[in-house]
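Ligands are counted one by one from 1 in listed order, and the atoms in each one are counted from 1 as well. Numbering starts at 1 and runs along the sequence shown.
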Amino acid sequence: MTDMRMYQQLSADIGFPESKMMPKMFAFVADEDEAKFMLAASPPATVEEIAEKTGFPLDKVESMVDPLFKKGLIYKSKKPDAIRYYKVRYFMQFHDATVLTPGIDQAFLDLWKAFEATEQREFQDAIKDQDFPQGMRVVPVNVSIESQNQVMAFEDVKTMVEEAEAVAVTNCSCRVIHGITDVPLEVCMQLNKAADYALERGTGRALTKSEAVEMLKMCEEEGLVHTVENKYGLGHVICNCDAEACGNWGHDRAYVKKFTAPSRFKASVEADLCTACGTCADRCFFDAVSMQGTDDTAIIDADKCMGCGICVPTCSGDAIVYEEVREKEFIPS
Ligand code: SF4
Ligand code: SF4
């Protein structure tokens, strides 16, 4: 019978000490020897140190490295003196890395889906009134309409890919879990070390800078919202998020601004130019647009607008004013 205590410890270490489902998810992807290896790889450790801590022969430890790395359960810290290994540290690391493992079992994806519908939802409800910095931030659409805005480097996806030393693209782990196929799947852009990691694991495909910019433009045309880590410097990922599956919004987008910061921009409508086509209402998945103006023209609720700009390039009347409404606000560095 499986001893679940190691899996409970692994769950606790990524922030879910009380979870009933997370230990089962760890047990799905790691056998007991692998769980023991992972616990020994904290703090980061060489294969010799892991052999000593686990009591496994060195050749066994060495043979376990590649499968654990490929499954997204351990990471490598390459230093001049040695390679050290460390176990998955964060919830989103565990989510993204394991879900994208080539050949992953559908039953594992179903566990994730069930977790999101129950424990993750309860967790989000429990913390919604607490103060914490949003982990992610919406970045304005600015490949399709770049001439209209004075975007800064930290909110310019084009600059981000141009400044990155390496860019790769992976499938979107959220859409993989939910089996969503009506919007592009391979749009999760990885930068620098994250790109190197995806390529080494075999979960990503290298992009040239121009391919990456073209992909960002395609995402804007498809109505996907650019979302990055909520900090000034170049992050590791540019998500291109959809309405239904994306984990960045919190469940049902009920209190989206709690988890993801809006951009500095907001959209509004010049009623005289609006043809009442309704395209903006169809494209906005933050429910910010209603067709309730004079002659059923569009009205945008400034409180709900996340400033993504996805409604702008497709406006048939060129009626949407998309402008900076805040100075460079505080963003965690
Ligand atoms: S109205 Fe909706 S689609 Fe347009 S910028 Fe605001 S949040 Fe984005
Ligand atoms: S897309 Fe433009 S023209 Fe069409 S309803 Fe929205 S604001 Fe009006």
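For the pair Glu34 and Leu68, the tightest heavy-atom approach, listed with the atom from each and the gap, is CB-CD2, 3.7 Å.
Taking 4.0 Å as the cut-off, Met306 counts as a neighbour of ligand 1 on heavy-atom distance.
By heavy-atom distance, the residue among Gly309, Gly223, Cys315 lying nearest atom 5 (S) of ligand 1 is Gly309. Between the choices Cys305, Cys311, Ala298, Pro262, the shortest heavy-atom distance to atom 6 (Fe) of ligand 1 belongs to Cys305. Closest heavy-atom approach to atom 1 (S) of ligand 1 within the set Ile310, Ile300, Ile299: this belongs to Ile300.
Atom 8 (Fe) of ligand 1 has Cys308 SG, 2.3 Å as its closest protein atom, hydrogens excluded (heavy atom only). The protein heavy atom nearest to atom 4 (Fe) of ligand 2 is Cys277 SG, 2.2 Å. Shortest contact from atom 2 (Fe) of ligand 1 to any protein heavy atom: Cys284 SG, 2.4 Å.
Only side-chain heavy atoms of Ile320 come within less than 4.0 Å of ligand 2; its backbone N, CA, C and O stay farther off.
For the pair Lys128 and Phe259, the cation does not sit on the ring face, since its NZ or CZ is not both under 6.0 Å from the ring centre and inside 45° of the axis.
With 2.8 Å as the limit, Cys280 counts as an N, O or S neighbour of atom 6 (Fe) of ligand 2.
Between the side chains of Ser173 and Asp96, at least one donor N or O sits under 3.5 Å from an acceptor N or O.
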Could you go step by step and tell me if Lys20 and Glu122 meet the salt bridge (charged side-chain N to carboxylate O under 4.0 Å, His left out) rule? CA-CA 13 Å; Lys20 291 192 169 31; Glu122 288 159 18; over 6 Å; no

Salt bridge (charged side-chain N to carboxylate O under 4.0 Å, His left out) for Glu324 and Arg264? Distances and angles first, verdict last. CA-CA 6 Å; Glu324 189 177 330; Arg264 291 186 309 117; 2.7 Å; yes

